[in-house]
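Chain letters run A, B, ... following the sequence lines, proteins first, then strands; residues in each count from 1. Computed from a predicted structure; not experimentally measured.
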Protein chains: 2
Amino acid sequence: MSEAGHIAGAPRASLLGTALDNLGRQIAGARYAEGDTLPIEPRLAEELGVSRSTVREAVRALVALGMLEVRTRTGTRVRPRRNWNILNRDVLDWLISDGSPDTGLLAAIDEAREVFEPKAAAFAAERASDAEIAAIAQAYDDMRDAARTGDIGAAVIADRAFHLAILAATANPILEAFDTAIDAVLGLLFKVATADHEQSFRENLANHGRILDAIRNRQPDAARDAMIDTIHYTRGNLRKHVLEAPRPVEEVRS
Amino acid sequence: MSEAGHIAGAPRASLLGTALDNLGRQIAGARYAEGDTLPIEPRLAEELGVSRSTVREAVRALVALGMLEVRTRTGTRVRPRRNWNILNRDVLDWLISDGSPDTGLLAAIDEAREVFEPKAAAFAAERASDAEIAAIAQAYDDMRDAARTGDIGAAVIADRAFHLAILAATANPILEAFDTAIDAVLGLLFKVATADHEQSFRENLANHGRILDAIRNRQPDAARDAMIDTIHYTRGNLRKHVLEAPRPVEEVRS
DNA sequence: GTGATCCAATTCATCAGATGAACCAGACAT
DNA sequence: ATGTCTGGTTCATCTGATGAATTGGATCAC
């Protein structure tokens, strides 16, 4: 009987999908703070424009991700952020790719990259299969081509693929779990990619080449060192264009 | 109308909870392999002894954790393990604390610990608040007391608290996200704790003391080195009692 | 035969409504 | 004060129905 489903022109995803996304974004955006109790199910259903069954499915997903806890009579409450599955892609997206990205979290990811990725590169140099090396090399080629033609957006995408391919080559599923964080950061960098980045990408390309060569030649230490340099380089871009961005995303006009 | 809910004397948790647990365990235990299609919802409901609504809530949780994907007409399929939220506590439990723990995963966690815990200790030495240092010290005291009285179980619990307290003191939510992995491994070690461990714990206690001292004295490098030694020590126990265990858990009798 | 087109069966998506169970708070008795 | 009882609130769970999406095959034109 409900008239929902035609929210904004585009039918887009399922009702559940949008409801879950809305709810998750609201929680991540602190509309409901830690410890807060959400409205009761019938009311939530009303607010989200779906039935109570659908609300329950959405809530169930957020419970699985550690964001909510629900008890009879007490209601549904927001758990402390420390308990959130922060490496889940959706959770990360809700926290980051929002209008006002959590810069503290971005800094934490940046810091964590320096913890994980150098060793990951070393592992890749030791263990990568031929196919995995080929994937890394392919990403590098894409980066080089993109940098050459000046397509910064494509360069960032290739950059991301490069780092993810290395993580995948560690043969360690725990380390691979970090891939969503890399994906989130570089995805964000992609959104703010401008011609201004061109120079830095060109310079950083050499570092990526060193990583690839080290992995190809099975030199873990060299791969590690090159990765450290690479991360430092990317960090500069992140700081300049995201962390220190004076205002939210804004159209840049001459 | 269903007669479910009185499975084995104890009513225990909610129907959803047990259904979710059963389903998750079955998937993690490869009863349904990657790419397999689960039975259709009404049939799953039958098998799990709950209504279709409850099945859908359970499935929704597993979808959120990256274990399942569901599409109209095609049905519900098991996603590749690489996509699972492996740092989620439930997922980890399903994979590890099962009757036959995934030793490859345990080895990966062990390896990953050496990647991030030394740096975590260093961060803790730089940033830990007084309260956080107190928490670490408390865990250390508990370890010492437990080792002294020979209560190996309590010693492992304190050991776990020690490492988790350090992670919590890094002030980096990404690093903290790996706490479930540490928790899982040390939790497993707890289950196989025997008097045989006593000696190693006593010896390892000194390493933990070095970590604590280094953090107290704000010496990041010393904290890192001591953590490395500690992990190597624990690794020995893990290898001997879990990874190389000839048979599953068995009552040890004289 | 080969391909495009259309139809129908299957499976999930979503809703509505009802009843049961758990739980917290306050009234009440002692 | 303390413990017990009772009620109301909220989630837990089931049932049944209908809509939507997708796939696989049947049909038809060439």
Geometric class of the F178(B)/F116(B) ring pair [parallel <30°, tilted 30-60°, perpendicular >60°]: tilted

Nearest-nucleotide 5' precedence on DNA chain D, L16(B) against R73(B):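 Looking at DNA chain D, the more 5' nearest nucleotide goes with L16(B).
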
Check the phosphate of [N] against [X], side-chain N and O only, distance under 4.0 Å to OP1 or OP2. Yes or no?
X: R71(B); N: dT23(D); result: yes
X: R56(A); N: dA12(D); result: yes
X: T54(A); N: dC15(C); result: yes
X: T72(B); N: dC12(C); result: no
X: R52(B); N: dA13(C); result: no

Distance check needed: [N] [atom2] versus [X] [atom1], whole Å only.
X: L15(B); N: dA22(C); atom1: CG; atom2: P; answer: 10 Å
X: E41(B); N: dA20(D); atom1: CD; atom2: C1'; answer: 14 Å
X: E69(A); N: dC23(C); atom1: CD; atom2: P; answer: 13 Å
X: I40(B); N: dA13(C); atom1: CD1; atom2: C1'; answer: 15 Å
X: L48(B); N: dC14(D); atom1: CG; atom2: P; answer: 11 Å

Can you tell which of [options] lies closest to the side chain of [X]?
X: S53(B); options: dC14(D), dC11(D), dA17(D); value: dC14(D)
X: E57(A); options: dT14(C), dC12(C), dC14(D); value: dT14(C)
X: T74(B); options: dA18(C), dT14(C), dT23(D); value: dT23(D)

What I want to find out is whether [X] reaches [Y] closely enough, with some N-O distance under 4.0 Å, to be called a salt bridge.
X: R82(A); Y: E176(B); answer: no
X: E47(B); Y: R31(B); answer: yes
X: R79(B); Y: E34(B); answer: no
X: D102(A); Y: R81(A); answer: yes
X: D21(B); Y: R25(B); answer: yes

Sugar-phosphate, base or nothing in reach of R43(A), heavy atoms under 4.0 Å: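 R43(A): no heavy atom of the nucleic acid under 4.0 Å.
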
Global bending angle along the helix from dG1(C)-dC30(D) to dT30(C)-dA1(D), which compares the axes of five pairs at either end, to 10 degrees: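 The helix from dG1(C)-dC30(D) to dT30(C)-dA1(D) shows an end-to-end axis angle of 0°.
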
Pairs flagged by salt bridge (charged side-chain N to carboxylate O under 4.0 Å, His left out) wherever residues 152-175 of chain A is involved - sequence neighbours left out: R160(A)-D183(A)

